[in-house]
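The basis for the numbers below is simple: all heavy atoms, side chains too, and nothing from hydrogens, waters or symmetry mates. Residue numbering restarts at 1 for every chain, and letters A, B, ... go by the order of the sequence lines. Since this is a predicted model, take the numbers as computed values, not measurements.
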2 protein chains.
Amino acid sequence: MNATAGTLSTRDRILDIAQRLIQSRGYNAFSFNDLAKELKLRTASVHYHFPTKADLGVALVRRYRGQLHHELDWIAKSGVDPLGSLEQFIAMFDRTFRSSNALCLSCVLSAEAPSLPKPVAAEVTRFIHDAELSLAKIFAAGKRARVMAFKGSPRTQARMLMAMIQGAMLVARGLRHRSYFRDMTRGYLGKYAVG
Amino acid sequence: MNATAGTLSTRDRILDIAQRLIQSRGYNAFSFNDLAKELKLRTASVHYHFPTKADLGVALVRRYRGQLHHELDWIAKSGVDPLGSLEQFIAMFDRTFRSSNALCLSCVLSAEAPSLPKPVAAEVTRFIHDAELSLAKIFAAGKRARVMAFKGSPRTQARMLMAMIQGAMLVARGLRHRSYFRDMTRGYLGKYAVG
DNA sequence: GTCTATAAGATGATAGAC
DNA sequence: GTCTATCATCTTATAGAC
């Protein structure tokens with residue numbers, strides 16, 4: 001049965017819990033048993049929904065990629081200009097980081113990449129590639145509309161923004177400094193502003 | 001017995017192998033058995049040198065912190081100006097990343113921080129703190145000598161550089177793009193140059 | 001869909017011989 | 001310092017009942 005109003009299917013609950021655990025501990029430090037405990041089920045039940053851990057990992061990153069596009073669509077529809085879109089994109093990560101110390105799922109998985117099942121690592125690559133393209137489009141639109149100015153390609157700016165976001169969260173976690181990420185990214189977009 | 005010329009003590013060999021494995025797979029994806037296999041010893045022998053995995057982790061990050069200072073001293077003695085020092089600092093990471101796909105040890109451990117033994121996580125915090133201070137001194141010296149120009153504190157610039165380096169390596173690994181890190185960091189320091 | 005039961009293997013760690 | 005032997009525990013995964 002699927003979820004009814006206000007409830008989530010077991011499958012979705014598994015994905016939610018697994019995502020939270022990976023964003024906190026990484027792929028190799030969570031187990032089917034952790035999931036089963038939180039769900040108050042048995043590990044065999046979790047395996048029913050995702051036969052292997054790699055299956056779960058792939059489904060997770062694939063869903064995360066969908067969420068990225070969903071968030072970007074939502075930001076686009078909110079009617080802000082390209083610079084505002086990037087600000088909201090950053091604010092998104094700031095919220096989850098400060099509220100639950102969660103890094104970007106793909107950021108954590110990237111760190112562990114060589115130890116991941118190949119299909120999971122491939123999905124991570126796809127996510128970053130997607131994010132880069134989406135951000136590049138925003139940079140390009142900003143330049144076209146003359147609300148942003150920068151040298152080099154929109155693609156390069158997108159890459160720098162991605163690196164800045166991921167790196168700032170990573171270092172913030174390592175330093176155990178909750179406001180580090182916000183402090184660092186606050187001024188970052190200023191350099192793109194026109195006028 | 002300690003190492004004689006050209007050889008390494010078992011303890012040092014353990015540290016070398018463990019560091020490489022963590023930089024590749026992360027803390028939770030390497031085992032005493034992995035070390036024993038490479039050393040052609042038994043796991044009990046590894047435990048003789050480091051009773052627990054946490055002991056090994058702490059020793060590792062502590063040594064890595066020493067290496068950081070050693071590298072920075074070496075760069076300082078090479079006689080380049082502050083901007084050149086930062087370039088060499090970045091080049092250091094570029095070399096290990098491109099030659100062996102190795103991320104910064106503390107970067108990988110930061111990603112897994114909530115799942116690490118507390119003493120290990122504490123050592124990671126210390127490393128990043130140290131690196132930040134050392135880089136801030138270089139930025140300050142560059143400003144004093146008028147070879148670098150920037151707004152804000154040297155500390156903030158150091159943080160941005162750290163985030164950029166760590167984030168660029170992380171994203172480069174996730175994307176499986178060997179030259180990504182170099183491409184991204186190549187132009188980064190340009191903005192600090194005077195004249 | 002969830003359960004019990006179970007398997008085969010890995011893991012961190014220790015005792016005690018050499 | 002390194003070994004054999006052993007431990008309890010955890011991990012991913014499967015078979016088959018309900």
Side-chain angles (χ1 to χ4, degrees), chain A residues 1-4 7-22 24-61 108-109 112 114-121 123, chain B residues 1-4 7-22 24-61 108-109 112 114-121 123:
Chain A
M1 286 297 145
N2 281 334
T4 55
T7 69
L8 288 173
S9 66
T10 300
R11 194 192 138 92
D12 285 338
R13 291 176 63 209
I14 292 173
L15 288 170
D16 286 348
I17 297 169
Q19 180 171 331
R20 176 165 49 75
L21 290 178
I22 294 180
S24 164
R25 314 178 188 170
Y27 183 87
N28 295 302
F30 92 96
S31 68
F32 274 67
N33 195 26
D34 295 325
L35 299 173
K37 263 193 217 155
E38 281 210 49
L39 290 159
K40 300 191 179 173
L41 291 178
R42 301 292 169 169
T43 62
S45 309
V46 182
H47 277 286
Y48 168 80
H49 295 279
F50 300 97
T52 72
K53 199 179 178 181
D55 291 328
L56 173 54
V58 167
L60 210 43
V61 185
V108 176
L109 293 177
E112 301 176 290
S115 75
L116 297 179
K118 289 227 162 110
V120 179
E123 210 61 47
Chain B
M1 286 296 146
N2 281 334
T4 55
T7 69
L8 288 173
S9 67
T10 301
R11 194 192 137 92
D12 285 338
R13 290 176 65 211
I14 293 173
L15 288 171
D16 286 348
I17 298 168
Q19 180 171 330
R20 177 166 47 76
L21 289 178
I22 293 179
S24 165
R25 313 177 189 170
Y27 183 87
N28 295 301
F30 92 97
S31 68
F32 274 67
N33 195 28
D34 295 326
L35 300 173
K37 263 193 219 156
E38 282 210 47
L39 290 159
K40 299 191 178 173
L41 290 178
R42 301 291 170 170
T43 62
S45 310
V46 183
H47 276 286
Y48 167 80
H49 295 279
F50 300 98
T52 70
K53 198 178 179 183
D55 291 328
L56 173 55
V58 167
L60 210 43
V61 184
V108 176
L109 293 176
E112 301 176 290
S115 76
L116 297 178
K118 288 225 163 112
V120 180
E123 211 60 48

K.L.:
To check you understand the geometry: which heavy-atom pair defines the closest contact between A:G26 and A:V108, and what is its length?
P.N.:
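Residues A:G26 and A:V108, closest heavy atoms: CA-CG1, 3.6 Å.
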
K.L.:
Hey, can you pull the donor-acceptor pairs under 3.5 Å for the side chains in residues 48-58 of chain A, sequence neighbours left out?
P.N.:
unit_1 : atom_1 : unit_2 : atom_2 : d
A:T52  : OG1    : A:A54  : N      : 3.4
A:T52  : OG1    : A:D55  : N      : 3.1
A:T52  : OG1    : A:D55  : OD2    : 3.1
A:K53  : NZ     : A:Y27  : O      : 2.8
A:K53  : NZ     : A:F30  : O      : 2.9
A:D55  : OD2    : A:T52  : N      : 3.1

K.L.:
When the C1' atoms of the five terminal pairs at each end define the local axes, what inter-axis angle does the helix from C:dG1-D:dC18 to C:dC18-D:dG1 show, to 10 degrees?
P.N.:
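The helix from C:dG1-D:dC18 to C:dC18-D:dG1 shows an end-to-end axis angle of 10°.
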
K.L.:
With sequence neighbours left out, what residues match B:E123 under side-chain hydrogen bond (donor to acceptor under 3.5 Å, both in side chains)?
P.N.:
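Applying side-chain hydrogen bond (donor to acceptor under 3.5 Å, both in side chains) to B:E123 gives B:R62, B:R65, B:R126.
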
K.L.:
Which residue, A:L35, A:V46, A:D12, forms the side chain to side chain contact (heavy atoms under 4.5 Å, CB included) with A:I17?
P.N.:
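The single option meeting the side chain to side chain contact (heavy atoms under 4.5 Å, CB included) with A:I17 is A:L35.
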
K.L.:
Quick one, give me the B/S/- string for nucleotides 3-18 of chain C, reading 5' to 3', where B means a protein heavy atom under 4.0 Å from the base and S means that only happens at the primed atoms, P, OP1 or OP2.
P.N.:
BB------SSBBB---

K.L.:
Which pair of non-hydrogen atoms, one from A:L15 and one from A:L60, has the smallest distance, and what is that distance?
P.N.:
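Heavy atoms of A:L15 and A:L60 come nearest at O-CD1, 3.3 Å.
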
K.L.:
Check whether any side-chain nitrogen or oxygen of B:Y48 sits under 4.0 Å from OP1 or OP2 of D:dT2, and answer yes or no.
P.N.:
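Indeed not, no polar side-chain atom of B:Y48 lies that close.
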
K.L.:
Could you report the tightest heavy-atom contact between B:D34 and B:A29, atom names first, then the distance?
P.N.:
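Looking at all heavy atoms of both residues, the shortest contact is OD2-O, 4.1 Å.
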
K.L.:
Mind checking salt bridge (Lys or Arg N to Asp or Glu O under 4.0 Å) for A:R13 and listing every partner two or more places apart, or none if nothing turns up?
P.N.:
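Salt bridge (Lys or Arg N to Asp or Glu O under 4.0 Å) list for A:R13, sorted by chain: empty.
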
K.L.:
In whole angstroms, how far is the P atom of D:dT12 from the NE2 atom of A:H49?
P.N.:
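My rounded result for the distance is 17 Å.
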
K.L.:
Run the salt bridge (Lys or Arg N to Asp or Glu O under 4.0 Å) test against A:R20 and tell me which residues pass, sequence neighbours left out.
P.N.:
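Counting only residues at least two positions away or on another chain, A:R20 forms a salt bridge (Lys or Arg N to Asp or Glu O under 4.0 Å) with A:E38.
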
